[in-house]
Structures are given as structure tokens and as C-alpha cells.
Number of protein chains: 2
Amino acid sequence: MNTLSYGLLSLLNKSPRSGYELMQQIQLFWPARHSQIYPLLAKLQEAGSVEFIIVPQSDKPDKKVYSITQAGKNLLREWISQPTADPINRDELMIKIFCISLTNLNQAELLLSQRECYYRNKLLFLNEKIERISLLAGAPLESLSMHNPSFGSYMLVKKAILNTESNLEWCKWAAMMLRNS
Amino acid sequence: MNTLSYGLLSLLNKSPRSGYELMQQIQLFWPARHSQIYPLLAKLQEAGSVEFIIVPQSDKPDKKVYSITQAGKNLLREWISQPTADPINRDELMIKIFCISLTNLNQAELLLSQRECYYRNKLLFLNEKIERISLLAGAPLESLSMHNPSFGSYMLVKKAILNTESNLEWCKWAAMMLRNS
DNA sequence: TTAACCATGTAATCTGTTACATGATTCA
DNA sequence: TGAATCATGTAACAGATTACATGGTTAA
């Protein structure tokens with residue numbers, strides 16, 4: 001059981017999903033490729049933490065829809081009470097910015113504007129996401145209770161939005177610092 | 001040449017350092033252990049990107065002090081102009097918060113307060129760091145030019161501070177959301 | 001007709017963590 | 001006396017990425 005396994009269980013704890021859907025939806029809090037997810041799902045199934053049914057589809061390929069078992073829920077609950085590892089952030093851009101004096105102003109401005117664009121798109125995506133959560137929750141988001149099924153998603157997306165906004169702010173500040181050079 | 005290698009080169013581009021010092025100083029932008037760094041330094045040296053001298057110390061163990069070579073600088077400069085990978089963030093806490101409804105309010109509040117404490121300490125550390133940069137730079141930080149040797153560090157620490165503040169903000173907001181449950 | 005999306009899987013490789021190994025100095 | 005810091009290295013293992021493999025549908 002590694003962290004990604006718990007991530008998969010946490011999604012399945014909300015509702016049954018296929019491996020493909022899990023792969024798409026876990027990106028926001030634990031980036032992973034399908035080649036990592038499919039073998040883990042098989043292991044979780046062998047261990048009795050999840051089970052699946054094959055759902056035939058006419059327009060698309062058939063899919064395996066996984067559900068969490070009671071054993072899986074217990075595992076997840078136990079894990080929550082164990083010590084939490086520190087967050088890990090790795091960003092190539094910060095290395096490049098750190099030694100930006102090796103290149104010229106244009107290069108530096110390009111790097112920053114590309115990243116600003118990335119964060120802008122991310123914000124658009126996150127705002128769409130929060131609107132979808134709002135519709136699903138059926139209540140004003142600010143008054144959501146911990147037991148509302150949408151609560152977890154809201155907390156997650158809210159954090160992603162705050163972080164992305166602070167990153168955008170930094171991009172603008174950094175570009176300004178460059179222009180004043 | 002992987003990203004960590006460029007991270008090491010970017011530090012050596014500022015000034016010569018030992019493997020041990022590199023290990024400590026790279027944590028802020030690319031977390032890595034000494035067991036990853038020492039073999040990479042050996043490879044970089046074989047490739048002619050860095051060189052080292054052994055500096056004997058009386059009170060502490062002798063150390064290898066590495067410097068970047070011209071070839072290393074060229075490598076680094078070329079790398080900056082190549083496409084930049086998206087940033088990667090992984091945080092166990094977000095998985096736990098996502099399925100927090102499995103546990104009780106106390107558990108949830110504990111998780112958040114522990115993380116808040118972590119971010120508070122990080123902020124203290126970063127503020128100390130920025131003061132040291134300020135002393136070193138010998139000029140008001142807000143007017144630092146791109147070619148000042150402290151510019152890169154300032155950009156880096158500034159981003160870390162903005163991010164940590166936004167994370168702290170989220171922690172407080174999330175705790176409030178819980179209390180209103 | 002070409003690319004994108006849906007859908008699942010395995011193999012090879014690279015990256016990162018934990019553990020093993022050694023040994024001096026300093027501080028509580 | 002025991003823990004922490006300085007200092008460098010290797011080995012084993014776990015985690016993550018890229019590439020290989022297959023094949024249908026849909027929209028530009």
C-alpha cells in the first residue's frame with residue numbers, strides 16, 4: 001500500500017469508477033499515469049480492497065468499473081490517522097530562474113510568460129470545476145458541511161485555486177522585477 | 001543529465017560547494033537526498049561539467065569542493081532555452097482531506113492544525129532566509145537587478161513565501177469550514 | 001485521413017527513498 | 001553517554017515515466 005493506492009481508494013470511496021476515470025481524476029492531487037494505476041488496481045482487487053464489474057459499452061470500449069469494499073474503507077480510515085508526510089513540490093522553472101543571469105532578458109521574459117499562461121489556463125479549468133461542484137452539491141459552497149459528498153472536492157479545488165492565484169501573482173511580480181533590471 | 005543534475009549545476013554556477021552543502025541547499029527547489037547527489041556529482045565530474053578539490057578541515061571531516069566548468073555553464077545555458085516541464089506537487093494531506101468524512105471532526109482538525117504548524121515554521125525559516133539574502137545583496141531587495149548574484153535566490157524565496165502564505169490561508173479557511181459543520 | 005479520445009494492459013528504464021557503512025566533533 | 005552535525009559513499013528497493021501493444025469511435 002503506497003500513497004497512490006490510498007488516493008485511488010479515496011476516489012472510489014466517493015463512487016465507483018473505471019481505471020481510466022481514476023487516472024483522469026487523481027491528477028489534481030496525485031499525478032500518475034495509467035501504467036501505474038492499472039497494476040495497482042489489480043493488486044488492490046487481489047487484496048480485497050476493491051472489486052470490479054465489467055460494464056459493456058456500445059460506442060466505446062468496455063470498461064472495468066471498480067468499487068471500494070468495506071475492507072478498503074477500513075484501510076483508508078486507518079491510514080488517515082497515521083502521520084502525514086510533508087508535501088513535495090518540484091519545479092524545473094525555479095532552477096532556470098535561479099540561474100537566469102546566464103541568459104538574456106528576452107529568454108527570461110519568455111519563460112515567465114509561458115508559465116503565466118499555464119497558470120491562467122489552470123485557473124480557468126479550476127473555476128469550471130468549482131462550478132460543477134456547486135451544481136452537484138445543491139447548496140451554497142460556503143455553507144457545505146463536512147458530510148456533504150462534495151465537501152472533499154471543494155476543499156481540494158479551493159486549495160488549488162489559492163495556490164494557482166499565488167503562483168500567478170509571483171509570475172507577474174517576477175516579470176516586473178525583470179523589466180526593472 | 002536529469003533535472004537534479006541541472007539543479008546542482010545551477011547552485012555551483014553561483015559558487016563552489018561541497019556535496020553536503022549542495023544537498024542542503026537544493027531542498028528548497030528540488031528535494032533530494034545525499035545518496036542521489038553524490039553519484040550524480042561523480043558523473044558530472046567524469047563528463048567534465050564540474051571539477052573538485054579536496055579541502056582538508058581540522059574540526060570537521062575533509063570535504064570535496066566542487067566548481068562548475070565552462071562546459072558545465074554551456075550545458076546549463078542550453079538547457080534553460082529548452083521546453084520547461086510542468087511543476088509537480090504531491091501532498092498526502094489532500095488525499096486525506098478529500099475523504100475526511102470517513103473520520104470525525106477531531107481527527108480532521110488535528111490534521112489541519114499539524115499542517116498549519118508546518119507552514120508556520122516554514123514561513124519563519126523563509127523569512128530568516130530572505131533577511132540573509134538582503135544582507136548579502138547589499139541593496140534593497142525590491143530594486144535588485146537580474147545580474148545581481150542574489151537575484152535568483154530572491155525570486156526563489158519570494159515564490160516559496162507566497163506559496164506558503166497561500167497554504168496557510170487555506171489551512172485557516174479549511175479549519176473554519178470544519179467548525180461550521 | 002489524421003488526430004483525439006476511450007479503454008486496458010505490460011516492459012524497460014529512470015528517479016527517488018531507505019538502509020547499510022564509517023568516523024570525527026560538538027553540545028546537552 | 002547519547003544525540004546532532006559534518007562528511008562521503010554504496011546497495012537494495014520502491015515509485016514514476018516512457019515506450020510498446022491493441023483497437024474501436026468520433027469529429028475536424
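A note on names: the letters A, B, ... follow the listed sequences, proteins ahead of strands, and every chain is numbered from 1.
- Look at OH on A:Tyr6: it is 11 Å from P on D:dG15, rounded to the nearest Å.
- Considering only side-chain atoms of A:Gln57, the nucleotide from D:dC6, C:dC6, D:dG9 that sits closest is C:dC6.
- Computed from coordinates, the B:Asp62 CG to C:dG23 P distance equals 15 Å when rounded to whole Å.
- Within 4.0 Å of B:Gln24, counting heavy atoms only, lie sugar-phosphate atoms of the nucleic acid but no base atom.
- Spacing between atom CD1 of A:Ile88 and atom C1' of C:dG16 amounts to 10 Å, rounded to whole angstrom units.
- Atom-to-atom, CD of A:Gln25 to C1' of C:dC6 comes out at 14 Å; the value is rounded to the nearest Å.
- For B:Asp59, counting side-chain heavy atoms from C-beta on, the closest listed nucleotide (C:dT25, C:dC6, D:dC6) is C:dT25.
- Between A:Phe29 and B:Phe98, the angle of the ring planes lies from 30° to 60°, which puts this pair in the tilted group.
- If you measure from atom CG of A:Leu40 to atom P of D:dG15, you get 8 Å, rounded to the nearest angstrom.
- Between the C1' atom of C:dG23 and the NE2 atom of B:His34 lies a distance of 14 Å, rounded to the nearest Å.
- For the pair B:Arg33 CZ and D:dA14 P, the computed distance is 16 Å after rounding to whole Å.
- Each of B:Val157, B:Asn121, B:Leu156 was evaluated against B:Leu126; a single residue qualifies, B:Val157, per the side-chain contact (heavy atoms from CB on, under 4.5 Å) test.
- Shown here for B:Leu41 and B:Gly19, the closest heavy-atom pair between the two residues is CD1-CA, 3.6 Å.
- At the phosphate of D:dG15, neither OP1 nor OP2 sits under 4.0 Å from any side-chain N or O atom of B:Arg90.
- Mapped onto DNA chain D by nearest heavy atom, B:Tyr38 and A:Gln36 fall at different nucleotides, with B:Tyr38 at the one closer to the 5' end.
- The base of C:dT18 sits within donor-acceptor range of the side chain of B:Ser35, with an N or O pair under 3.5 Å.
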Is there a side-chain contact (heavy atoms from CB on, under 4.5 Å) between A:Met177 and B:Phe151? Walk through the geometry before answering. CA-CA 9 Å; A:Met177 286 294 287; B:Phe151 185 78; 4.2 Å; yes
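- Between B:Trp30 and C:dT15 there is no side-chain polar atom (N or O) within less than 4.0 angstrom of OP1 or OP2.
- Ion pairing between a basic and an acidic side chain is recognised when a charged N comes within 4.0 Å of a carboxylate O; A:Lys63 and A:Glu21 show such pairing.
- Heavy-atom nearest nucleotides on DNA chain D were determined for B:Lys64 and for A:Asn2, and the one closer to the 5' end corresponds to B:Lys64.
- Nearest to the side chain of B:Leu4, among D:dA16, C:dG16, D:dT10, sits C:dG16.
- Across the protein-nucleic acid pair, B:Ile37 atom CD1 and D:dT10 atom P stand 14 Å apart, rounded to whole Å.
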